[in-house]
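Here is the naming used below: chain letters follow the sequence lines, and residue numbers restart at 1 for every chain.
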There are 2 protein chains.
Amino acid sequence: METETTFNIGILAKATGTKVETIRWYERVGLLSAPDRTSGNYRAYGAAHLGRLSFIRRARDLGFSLDQIRTLLDVAGQQDLPCEAVDAIAREHLEEVDRKIADLQALRRELDSLIGQCRHGRVAECRIIEALAPSKT
Amino acid sequence: METETTFNIGILAKATGTKVETIRWYERVGLLSAPDRTSGNYRAYGAAHLGRLSFIRRARDLGFSLDQIRTLLDVAGQQDLPCEAVDAIAREHLEEVDRKIADLQALRRELDSLIGQCRHGRVAECRIIEALAPSKT
DNA sequence: CTTGACCCTGTAGCGACCACAGGGTCCATA
DNA sequence: TATGGACCCTGTGGTCGCTACAGGGTCAAG
C-alpha cells in the first residue's frame, strides 16, 4: 500500500480559498473530520479533505447554511438513496432566496422614495428625518 | 410644572413592537438614553423615549444598521445643519441594498439551474451533488 | 544557531438581538 | 393581610459564520 500524499492546513487553505481559522472551525463544528497529525502535531490533510472542503465552499457560495450543508454531505454519502432530499433542500433554499429578494426590493422602493424627497435644505426640514420620526405632537 | 406621564418598559415594548430585552439592549449600546427609575427601580419612560424608539424601529425596518441609526439620530438633533449627511447615509444604504439584490439574483439563477437538472434518481447520479462536488479523480 | 514562516490551542469579538436564571416589585383579589 | 401572578431587575450565555488575536511550538533555510 502506498502512502497518501498529505499537506498542511495552509496549503489546503490556499487551494480552496479558505482562511486557516475557518478550516479549523469547520473541524470544530463537525463539518470536516479531524485529520491525522504529523509528529509535530500538525494537521495532515489528504485528497478526501480537499474534496470535502471544496464541496462545502461551493455550497457556501450558493448561500447554503452550514446545517443545510451538513445534511447535503450526509445525503451525498448515501449513494443509493433517492435524491429527493437533496432536491428538497435546494428548493427550500431557493424559496428563501426568493423571499429575501422580494423583501429587499420592497425595501429598495421605500428607500428610493425617501431619498427622492430630499430637498437638500436644513436638517430641520429634512424629509428623510421626518419620514423616520414619529408624528410630532 | 406638570409631571410627565410615564410608563413601564413593557408598555413601551408593546407600543413599538419591540421586545423588552431589545429595548434594554438599545440602552446598553447607547442608542436609547437611560430613563429615570421609579422607587422600585423600574425604568420610567416618557413621550421622548417613545418617539426615539419609534424612529429607531422604522430605520431598522428599512435595514439601517445601528451605527447608521446612531448617526441619523445625531444629525437629527442638529436641526440647522444641512441635511446632506442624512442624504448620504440613505444613498449609501440604497447602494448596499442594490448590491445585495444583485448578488441574490445571481445566486438565484445558479440555484435555479442546479435544481432544473435534478432527474429524481439516486443520489449516486444526482446532478446537484455533482455540481457541488469537485471533479472526481 | 538564528530567523522567519508556518502551525498549535484557547479565547474573545462581530451584529443584533433572544432566552433564560434567579431574584425583586406591584397590585388585585380572597 | 396574605397570596398569586404579572410584571420588572441584572447578569450571563447562546445564535450564525466566522475572524482575530495571544502565547506558545515546529520546521527548513542560510
Side-chain angles (χ1 to χ4, degrees), chain A residues 6-32 34-46 49 52-53 55-73 89 92-93 96-97 100 103 107, chain B residues 6-32 34-46 49 52-53 55-73 89 92-93 96-97 100 103 107:
Chain A
T6 64
F7 35 86
N8 284 345
I9 198 169
I11 305 294
L12 183 60
K14 233 164 232 158
T16 58
T18 313
K19 301 219 168 189
V20 166
E21 289 95 343
T22 304
I23 297 176
R24 286 198 281 248
W25 189 73
Y26 285 162
E27 183 181 322
R28 266 167 67 88
V29 298
L31 267 181
L32 219 45
D36 290 343
R37 299 294 182 113
T38 67
S39 57
N41 202 30
Y42 284 18
R43 285 170 180 82
Y45 293 101
H49 284 102
R52 202 169 161 105
L53 182 53
F55 185 106
I56 294 170
R57 291 266 102 192
R58 278 180 228 197
R60 284 295 297 143
D61 283 348
L62 286 171
F64 288 93
S65 73
L66 293 194
D67 254 9
Q68 287 175 320
I69 294 172
R70 230 184 299 270
T71 309
L72 284 173
L73 282 166
I89 293 171
E92 198 185 303
H93 181 45
E96 219 178 285
V97 170
K100 274 186 196 163
D103 284 357
L107 201 146
Chain B
T6 64
F7 36 86
N8 284 345
I9 197 167
I11 305 295
L12 183 60
K14 233 165 231 158
T16 58
T18 313
K19 301 223 165 187
V20 166
E21 288 95 343
T22 303
I23 296 176
R24 287 198 282 247
W25 190 73
Y26 287 161
E27 184 182 322
R28 265 167 68 87
V29 299
L31 265 182
L32 220 45
D36 290 342
R37 299 295 182 111
T38 67
S39 58
N41 201 30
Y42 284 18
R43 287 170 179 82
Y45 293 100
H49 284 103
R52 201 170 161 102
L53 182 53
F55 185 105
I56 294 169
R57 289 268 103 193
R58 279 180 228 197
R60 283 295 297 141
D61 283 347
L62 286 172
F64 288 94
S65 73
L66 294 195
D67 254 9
Q68 287 174 321
I69 295 171
R70 229 184 300 268
T71 310
L72 284 174
L73 283 167
I89 293 171
E92 198 184 303
H93 181 45
E96 217 180 287
V97 169
K100 273 186 196 163
D103 282 358
L107 201 147

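One finds the CD1 atom of B/I9 at 10.5 Å from the NE2 atom of B/H49 (value rounded to the nearest 0.5 Å). Remark: B/L31 CG to B/I69 CD1 distance equals 6.5 Å, nearest 0.5 Å.
Annotation: side-chain hydrogen bond (donor to acceptor under 3.5 Å, both in side chains) contacts of B/E27 (sequence neighbours excluded): B/R43. Residues passing the ring pair (Phe, Tyr, Trp, His ring centres under 6.0 Å) test with A/F64, sequence neighbours excluded: A/H93. Not counting sequence neighbours, A/R28 has no partner by the side-chain hydrogen bond (donor to acceptor under 3.5 Å, both in side chains) test. In this structure, B/N8 has no side-chain hydrogen bond (donor to acceptor under 3.5 Å, both in side chains) partners at least two apart in sequence or on a different chain. Shown here are the side chain to side chain contact (heavy atoms under 4.5 Å, CB included) partners of A/A15, two or more places apart in sequence or in another chain: A/L50. Qualifying salt bridge (Lys or Arg N to Asp or Glu O under 4.0 Å) partners for B/D67, counting only residues two or more places apart in sequence or in other chains: B/R70.
The nearest pair of heavy atoms linking A/L62 to B/L107 is O-CD2, 3.1 Å. Taking all atoms of both residues into account, the shortest heavy-atom contact from B/L66 to B/R60 is CD2-CD, 3.4 Å.
At a non-hydrogen distance threshold of 4.0 Å, B/K19, B/E21, B/T22, B/W25, B/Y26 from residues 19-30 of chain B come into contact with DNA chain C.
Between chain A and DNA chain C, the heavy-atom contact criterion of under 4.0 Å yields a 5' to 3' nucleotide range of C/dC6 to C/dT9.
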Nucleotide-resolved protein contact map, nucleotides 25-30 of chain D, B/S/- at heavy-atom distance under 4.0 Å: BBS---
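At its two ends the helix from C/dC1-D/dG30 to C/dA30-D/dT1 runs along axes set 30° apart, each axis drawn from five pairs and the angle rounded to 10°.
Between B/F55 and B/L72, some side-chain heavy-atom pair lies under the 4.5 Å cut-off.
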Using atom types as modelled, flag every donor-acceptor pair under 3.5 Å from a side chain in residues 17-26 of chain A to any protein atom, sequence neighbours excluded.
residue: A/T18; atom: OG1; partner: A/T16; partner atom: O; Å: 3.4
residue: A/T18; atom: OG1; partner: A/T16; partner atom: OG1; Å: 2.8
residue: A/Y26; atom: OH; partner: A/R57; partner atom: NH2; Å: 2.7

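Contact annotation for A/D67: no contact, since no heavy-atom pair falls under 4.0 Å across all strands. Heavy atoms of B/R70 sit nowhere under 4.0 angstrom from any nucleic acid atom.
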One pair to check against side-chain contact (heavy atoms from CB on, under 4.5 Å): A/F7 and A/L12. What are the steps and the verdict? CA-CA 7 Å; A/F7 35 86; A/L12 183 60; 4.0 Å; yes
